Protein chains: 2
Amino acid sequence: MRRFVIGRGRNFLNRSHQQNLLSSSSSHCQSRFLSSTSVIDSPSSSSMAPTSSPAITVDSLNPKVLKCEYAVRGEIVSIAQRLQQELQTNPGSHSFDEILYCNIGNPQSLGQQPITFFREVLALCDHPSILDRSETQGLFSADSIERAWQILDQIPGRATGAYSHSQGIKGLRDTIAAGIEARDGFPADPNDIFLTDGASPAVHMMMQLLIRSENDGILCPIPQYPLYSASIALHGGTLVPYYLDEATGWGLETSEVKKQLEAAKAKGITVRALVVINPGNPTGQVLAEENQRAIVDFCKKEGLVLLADEVYQENVYVPEKKFHSFKKVSRSMGYGEKDISLVSFQSVSKGYYGECGKRGGYMEVTGFSAEVREQIYKVASVNLCSNISGQILASLVMSPPKVGDESYESYCAERDGILSSLARRAKTLEDAFNSLEGITCNKAEGAMYLFPRIQLPEKAIKAAEAEKTVPDAFYCRRLLNATGIVLVPGSGFGQVPGTWHFRCTILPQEDKIPAIVTRLTDFHKNFMDKFRN
Amino acid sequence: MRRFVIGRGRNFLNRSHQQNLLSSSSSHCQSRFLSSTSVIDSPSSSSMAPTSSPAITVDSLNPKVLKCEYAVRGEIVSIAQRLQQELQTNPGSHSFDEILYCNIGNPQSLGQQPITFFREVLALCDHPSILDRSETQGLFSADSIERAWQILDQIPGRATGAYSHSQGIKGLRDTIAAGIEARDGFPADPNDIFLTDGASPAVHMMMQLLIRSENDGILCPIPQYPLYSASIALHGGTLVPYYLDEATGWGLETSEVKKQLEAAKAKGITVRALVVINPGNPTGQVLAEENQRAIVDFCKKEGLVLLADEVYQENVYVPEKKFHSFKKVSRSMGYGEKDISLVSFQSVSKGYYGECGKRGGYMEVTGFSAEVREQIYKVASVNLCSNISGQILASLVMSPPKVGDESYESYCAERDGILSSLARRAKTLEDAFNSLEGITCNKAEGAMYLFPRIQLPEKAIKAAEAEKTVPDAFYCRRLLNATGIVLVPGSGFGQVPGTWHFRCTILPQEDKIPAIVTRLTDFHKNFMDKFRN
């Protein structure tokens with residue numbers, strides 16, 4: 001028996017989704033997160049008619065999978081892919097000549113170049129038999145050759161094609177721990193490091209360990225990166241939302257977190273962990289150290305695991321803010337292993353390196369008992385190990401060239417060029433958004449995103465409703481069809497009900513930014529002219 | 001409240017494990033699989049005392065995780081790692097000078113060299129800026145340079161550091177589909193290919209989709225590769241065992257599968273899928289085509305998804321057997337998309353390439369409705385994409401150098417050298433096992449393993465019981481401590497109760513095989529002298 005008919009599929013998903021989110025008792029929270037669910041009509045819904053399915057129908061699949069949504073690769077991206085194909089097969093078929101992907105934090109897809117030193121080392125580790133050849137000296141920097149030897153010597157049998165220890169190669173974990181120590185000024189233990197295929201699998205691993213049923217809750221910021229809502233849904237838990245305060249630059253108030261925790265408890269939810277994304281995704285704020293201290297104290301007092309998404313730790317663009325890891329903050333407060341359970345996620349996909357396709361990352365796991373760590377190790381073991389190139393890259397980003405190394409100057413120039421350009425792009429786009437009628441945009445202090453708020457006219461909201469579309473998705477879809485610019489509707493991340501946003505990356509190359517601003521401005525003016533109240 | 005006391009932890013796990021396995025109504029099956037659970041005393045059980053755990057205790061973790069076991073990286077491996085450390089820090093501390101890992105299918109960790117052409121292409125794709133340099137011509141084969149260019153041209157913006165399409169780079173999927181067509185003689189569609197970080201995540205993905213609760217069952221061979229039992233446990237389903245027949249060379253009888261299916265149904269289990277591992281792991285048999293046809297018909301008739309683990313497709317060592325993919329077999333029977341739901345798993349970790357650390361692989365998904373495929377795509381999207389080097393390698397193993405390419409001869413020599421050596425090693429070890437008192441060993445027709453049966457004397461079984469150890473683990477532990485040889489006890493894979501086995505890979509380099517045989521033979525003689533009835 002099919003549980004939903006064609007065209008209602010997504011509504012069904014939304015309803016289920018909704019059931020598994022905590023409905024807070026506070027007046028505006030009941031439906032707050034609901035606005036984050038999308039009711040976009042799928043362009044492929046016509047293909048949703050049941051074709052032959054000998055063994056399995058969609059309604060017989062795991063309902064947790066059906067419930068899960070992942071906005072970053074949702075509807076709008078499908079339209080963009082279709083438009084791109086149309087542009088390829090039929091140039092001139094649209095009023096724009098390329099798709100401008102501002103939807104996903106994927107720097108190298110938009111022309112950002114990898115750091116040369118990192119790629120030299122990866123290439124040499126992939127094909128070590130050239131290390132001894134004279135031609136190699138001419139092709140590769142001396143320190144990349146030296147580093148490749150160092151790394152190979154840390155790998156048993158120099159076998160970069162072998163499964164490693166389930167936590168990752170010990171020597172690379174030593175390097176990463178040393179990098180954390182250098183960053184924080186507090187000790188780090190290589191046995192606390194679990195190397196993973198990017199940060200996403202690490203987050204899934206922790207959710208898998210912590211969530212027993214829908215009665216287990218995870219406190220997540222709203223707006224949030226949809227990995228969290230997706231992972232909580234897949235593991236059958238309940239997302240307990242806490243709201244970032246847009247008026248104070250997406251401030252994180254522990255009083256709000258406390259209120260939501262109490263509301264969750266009152267509903268019988270056991271809250272197990274607090275997710276903090278710093279610098280923020282999609283919101284771009286960088287937490288102040290005193291704010292972080294309050295969060296650490298809160299988690300300690302409430303017995304919550306602190307899941308610290310710190311993948312944007314290198315992406316800070318304003319002089320008045322600085323990244324501090326939660327590990328450093330908690331240690332500087334005098335808290336150790338016995339005081340707080342903390343997992344910090346890091347990735348090779350972000351920062352100035354932007355190596356998304358390499359799928360490298362790690363989590364640093366502190367403040368858990370030996371028994372619990374054994375279970376984390378077991379879960380890591382079931383997938384054997386993360387990919388070795390990603391492991392090597394994770395060690396490189398935590399231990400880049402140093403003063404005196406042959407590559408040091410070129411490395412610094414590449415790194416600083418990327419980061420200063422990102423800062424300029426962030427500022428230009430922020431200013432552009434703030435110049436548009438009905439749009440306000442907080443500063444991108446860090447990360448790779450702006451999350452502007454748009455006051456949509458009543459007429460636009462009605463038009464969206466008539467198309468059975470969420471208003472922010474309505475705006476983004478029209479923008480895409482008119483300009484080729486791809487944004488993600490705010491409803492994919494969660495937002496205060498009745499408010500509308502979208503996420504825009506700061507990643508298009510600088511020479512494309514003026515065109516984006518012009519196209520966006522023109523579109524927005526036309527949109528407002530058409531729908532202005 | 002702690003649910004178990006120190007020292008009883010593993011027993012608790014076993015009891016839970018046991019509860020979630022289907023107890024077949026047939027007389028010998030009730031407890032058959034139970035013998036697969038391990039009651040090895042952890043060497044680290046003394047460290048299991050509750051240390052400080054501010055937020056999380058082990059009994060508050062997801063019980064599905066606690067239940068999961070993964071024998072391949074279990075107890076024996078921990079002991080081996082400890083012994084290896086002791087040998088390093090204190091050479092001469094044991095009667096052997098190295099640990100001989102025969103426990104895991106990790107060829108390059110034992111000295112197998114990667115295929116040069118594959119590594120050349122990977123290195124060039126990692127650092128494409130050397131492609132135009134003259135020194136590169138001297139260092140790399142002409143066809144590796146050409147192939148790297150081809151691959152880069154298939155990647156949007158030549159960005160090997162960008163997230164790809166969630167199913168993997170389209171051009172690489174085209175290459176893989178062409179490789180499948182060439183192998184099978186039937187069409188393959190690149191849109192059916194999902195590139196993954198090895199086969200394990202692909203298996204998890206399918207289990208996640210298919211399993212709703214403990215009332216959903218997955219038919220698995222016993223003995224089985226413990227990825228399956230672990231994944232089913234993690235996703236909360238029920239493993240429905242069917243037994244391979246040791247007497248007929250680990251034959252797979254559909255009558256046995258049918259019997260177990262009916263028994264499961266009678267207990268209210270909805271059986272969703274049948275796992276077949278061909279060539280077999282840990283059993284090493286290669287299925288006959290007529291046997292495969294019967295399995296296809298069975299799945300079609302019963303409406304089961306056929307999950308075909310075909311990662312050892314290149315590893316066939318006997319002239320009388322040949323690998324046939326289940327896709328080819330089902331298409332040759334005239335069955336198409338509408339007749340059977342089939343998922344075939346392939347990996348870069350096995351074959352003659354053995355690139356475990358690269359974490360590459362794919363699944364070919366056929367016979368599912370558009371709606372179900374959309375859900376598979378969504379689950380793939382939540383982790384963004386698999387690593388690009390692994391994706392490239394997956395395309396290379398499905399499209400190696402061809403006649404006329406510069407690398408063709410050296411490639412063939414490397415490939416054939418590895419495969420013929422594996423065949424010799426399999427035969428030597430098989431003969432050695434069969435020469436030992438109380439041990440019988442089927443032929444390794446394929447894969448990378450032997451799974452000999454050992455008739456343990458009553459006195460040894462009693463001694464194991466006195467040590468609260470499963471008898472096969474008792475044997476393997478003593479062997480390891482005496483010789484440094486690491487095997488995996490059969491109980492980690494499942495076996496008919498009262499029978500004992502161990503898994504031994506055929507992967508140690510050929511020059512080490514005589515020493516292994518000697519050490520094993522000496523140990524076994526001493527063991528039997530000590531425990532003979």
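Just so it is clear, the structure is predicted and the values come from calculations on it, not from any experiment. Hydrogens, waters and symmetry mates play no part in the numbers below; they use all other heavy atoms, side chains included. Just so we're on the same page: letters track the sequence lines, and every chain starts at 1.
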Of all of [options], which one pairs up most often with chain A through heavy atoms under 4.5 Å apart?
options: B:Thr116, B:Ile130, B:Val382; answer: B:Val382
options: B:Gly111, B:Pro128, B:Ser386, B:Ser134; answer: B:Ser386
options: B:Gln208, B:Glu355, B:Gln113; answer: B:Gln208
options: B:Leu110, B:Asp216, B:Ile211; answer: B:Ile211
options: B:Leu210, B:Thr136, B:Leu227; answer: B:Thr136

Side chain, backbone, both or neither: which part of [X] has an atom under 4.5 Å from a heavy atom of chain B?
X: A:Asn383; value: both
X: A:Cys299; value: neither
X: A:Gln81; value: side chain
X: A:Pro201; value: both
X: A:Leu139; value: both
X: A:Lys64; value: side chain
X: A:Val305; value: both

Check the pair B:Lys358, B:Tyr353 against side-chain contact (heavy atoms from CB on, under 4.5 Å), reporting the backbone distance first and the verdict last. CA-CA 11 Å; B:Lys358 295 294 176 187; B:Tyr353 16 94; over 6 Å; no

For A:Thr160 and B:Arg119: C-alpha separation, side-chain torsions, deciding distance, then whether side-chain contact (heavy atoms from CB on, under 4.5 Å) applies. CA-CA 10 Å; A:Thr160 53; B:Arg119 291 304 192 96; 3.0 Å; yes

Would a distance-only check, ignoring hydrogens and angles, find a side-chain to backbone donor-acceptor pair under 3.5 Å from A:Ser369 to A:Val372? yes

Applied to residues 104-141 of chain B, the ring-ring contact (aromatic ring centres under 6.0 Å, His included) test, sequence neighbours excluded, yields A:His127-B:Phe140, A:Phe140-B:His127

Please evaluate residues A:Ile155 and A:Ser164 with respect to the criterion side-chain contact (heavy atoms from CB on, under 4.5 Å), reporting the C-alpha separation (whole Å), side-chain torsions for both, the decisive distance (0.1 Å), and the verdict. CA-CA 8 Å; A:Ile155 302 176; A:Ser164 72; over 6 Å; no

Kindly indicate, with the supporting measurements, whether the criterion side chain to side chain donor-acceptor pair (under 3.5 Å) is fulfilled by B:Ser60 and A:Arg272. CA-CA 10 Å; B:Ser60 76; A:Arg272 313 219 67 195; 2.6 Å; yes

Could you please spell out the steps behind the side chain to side chain donor-acceptor pair (under 3.5 Å) verdict for B:Thr57 and B:Asp59? CA-CA 5 Å; B:Thr57 55; B:Asp59 51 314; 3.1 Å; yes

Can you name the side chain to side chain contact (heavy atoms under 4.5 Å, CB included) partners of A:Gln84, sequence neighbours left out? A:Gln88, A:Ile99, A:Tyr101

Answer with yes or no after comparing the ring centroid distance for B:Tyr228 and B:His204 against a 6.0 Å cut-off, counting only values under it. no

Structural part of B:Leu304 lying under 4.5 Å from a heavy atom of chain A: backbone

